[in-house]
Amino acid sequence: MAIKKGSDDSVPQQENEKTSGLTAHTTDSTGELMTTNHGLRINDDQNSLKAGERGATLLEDFILREKITHFDHERIPERVVHARGSAAHGVFKLYEPLSSVTKAGFLNDTSIETPVFVRFSTVAGSRGSTDLARDVRGFAVKFYTQEGNFDLVGNNIPVFFIQDAIKFPDLVHAVKPEPDNEMPQAASAHDTFWDFISLMPESAHMIMWVMSDRALPRSYRMMEGFGVHTFRFVNAEGVSSFVKFHWKPLLGVHSVAWDEAQKISGKDPDFHRRDLWDAIESGNYPEWELGVQIVPEEDEFKFEFDLLDPTKIIPEELVPVQRIGKLTLNRNPDNFFAETEQVAFHVGHVVPGIDFTNDPLLQGRLFSYTDTQLIRLGGPNFQEIPINRPIVPVHNNQRDGYMRQTINKGKASYHPNTLGGGYPAQAKASEGGFTSYPERIDARKVRARSKSFFDHFSQAKLFFNSQSDPEKNHIVDALSFELGKVKTVEIRERMLGILSMIDKGLAAEVAFALRIHVPQDPELPVNHSIPADGDPADFDSLIFESTVNISDELSMANTPKDSIKTRKIAFLAADGVDERSVTTVRDALQSAGAVVEIIAPRQNYIVAENDVQISVDHSFLTAASVLYDAVYVPGGTNSVATIEADADAVHFLNEAFKHCKAIAADSAAIQVLEATYFGKKLPADFSDQTVLKEGLVVVDDPAVLSDKFILAVSQHRFWEREKPRKIPA
Ligand code: HDE
């Protein structure tokens, strides 16, 4: 929508419907003539102005200079953390009013569809780094509510490495590439990270999550989100309760294998970005339910952990998650830079009914986000960039600054005033004016941490104990990999000491891989970030008893596995393929919501046994097993012979087997499976049991095969296959 000339609004308003795709500065050049930035029509965009055809370029060429100058300034500083990200527009719809706990308008009115913009990210890597780094994922949601923007700036892991904001720069310096040689990119497997972590026992719980497969999501669409901190809800009567926010993906929580993640990083470093984009373009809109855990204010001290400690979860066994509404992402951005890069989130963007607690990490974040936008977006007017604007009008006496867009009318830019009629006026609470929750604070000023924050291990144990055996093995492997990349032996040993406080078996297995000893009877580690005059004894870790020993929600093994929607399935075929063996299975998989791609030795098409042409999506050169969820080999004598003899096709299957994916073959193609590494181990008969345990399906009737294959793909992975633990690919 164009800026309204003569409008009374002081800020140019964008369409009230954020979802309509039109924002104040949206432009579409279709059918338009080219102009300079000042509207002059350009006659020649191919040649600079010269003194003669072969002559020197003239300084006079203002068109050339304008174009090059703009280009020279195209980059802005990337985010200090979370630089690599992808985003989408969508809507949030509430199921039931939450008036008993919060007065937030968008959590009370079920008829409102609140527009949202969601940005997912990795933390450590640069803007151009791989999506598949072992890392926490950012999950930042901007709700454009009728009461202003509410930003839920969370992660896909419910706890954090540190308890106090003052340690954040240290954590980030430690995980970023090392400062002398800027290596490694987007990776925590190096000395400075583990040096820091091994001195910070408070990170133990988070480390368990980051070393688990949670740090390797299959898709942004298949990961949970968490607000991490305990926030406050406040209702219309002023009664407050504590709240933890959760996002639960409707497709379940799924991950890839570490070997796979590393290979995807080479084959398609945009894997998550592409997956999100493609899903939305094809109408498979990603969905999450918003969940809340509510704790009445009087129960603040009821738990064995401190609600203000961001290294702790509230186990769902103690406080269930109520699902209160649904988030649907239904539109890709029009312009990556204008929207995804320039969006500015801030934990301090709240609406009446949502407030903060004294979590010391949250308190520090309340400072950081505006501060970072000032440098990243170049000044104090970043809230005027279309993606950051609220859908409600903005009226205040803030003025000027770099790149100011708003043309404020009138003389009065101060309050109180009479020249402006006293406007803009303050809003009473009954008019939606924000009032802070009047929490009582009466304390001495200290630099200290509550003893209730000193239990660093009970929830790390809870997480580890709640994992399935394959998940535990993956944590052992991840730690063996990460510490195996650490060169300083003392750091490895110190970490083993920490791991032994979590689980002796875990420490022993990692020690075995590193071929060093777990320190004998290690003392509870001291937190080395103590004040200069502090007594280390005052900073000793404690171990509290957890009232919950196993929490089912913490294991991805318990996630829903009832759908193959949007799963990508590769068909390996060549000329001479049996057309029915392709189309019957393809139709069945597609009707169950999967995406099928045909991969052949060459691009474009293959010719089936019956001379029908079948289009090809990729050749073995442009596709890779790691980019698919499952593989199928159809029948047809010549196709089977070609695939069996093609080393890339056999490698494709070997990798799919190694990464524990469902594999199916028409029984007329069994010789292709026999040509693989795992061919030697094929079970004699492929019963339903085989499907369930091994994920291998070989049947001669394509219709029967489809049913069994769908069941296998919905299981996501058959990690039990890893038992022998040595599968080459
Ligand atoms: Fe952030 N964080 N953070 N963070 N964070 C940023 O803000 C910071 C923390 C999170 O997609 C920065 O605009 C401090 C926890 C996400 O644009 C910066 C502390 C959690 C994103 C910043 C934390 C997060 C950021 C960098 C410790 C999970 C990406 C660029 C006190 C609950 C948002 C920017 C997006 C981004 C500071 C800790 C989540 C520098 C000081 C805990 C998802 O302001």
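Values reported hereafter were calculated over all heavy atoms of this structure, with side chains retained and with hydrogens, waters and symmetry mates removed. Atoms within a ligand are numbered from 1 in the order they appear, just like the ligands themselves.
Under a cutoff of 6.0 Å and an axis angle of 45°, Lys142 and Phe345 form a cation-pi pair.
Nearest non-hydrogen protein atom to atom 11 (O) of ligand 1 is Arg119 NH1, 2.7 Å. In terms of protein heavy-atom proximity, atom 30 (C) of ligand 1 is nearest to Arg79 CG, 3.5 Å. The single protein non-hydrogen atom nearest to atom 43 (C) of ligand 1 is Gly154 O, 3.2 Å, given as residue, atom name and distance. Ranking the protein heavy atoms by distance from atom 28 (C) of ligand 1 puts Asn155 ND2, 3.2 Å first. From the protein, the heavy atom lying nearest to atom 34 (C) of ligand 1 is Thr372 CG2, 3.3 Å.
Near Phe345, meaning under 4.0 Å from one of its heavy atoms, ligand 1 places the atoms 11 (O), 17 (O), 33 (C), 35 (C). Of all atoms in ligand 1, numbered sequentially from 1 with element shown, those under 4.0 Å from a heavy atom of Leu361 are 27 (C), 31 (C), 42 (C). Every atom of ligand 1 is numbered from 1 in the order shown, and the set under 4.0 Å from a heavy atom of Gln373 is 13 (O), 34 (C). Of all atoms in ligand 1, numbered sequentially from 1 with element shown, those under 4.0 Å from a heavy atom of Ala165 are 31 (C).
Judged purely by distance below 3.5 Å, without hydrogens or angles, the side chains of Asn358 and Glu439 pair a donor atom with an acceptor atom.
Counting only distances under 2.8 Å, and ignoring water, the protein N, O or S atoms around atom 1 (Fe) of ligand 1 are Tyr369 OH.
Proximity of Phe161 to Val136: side-chain heavy atoms (C-beta onward) are separated by under 4.5 Å at one or more points.
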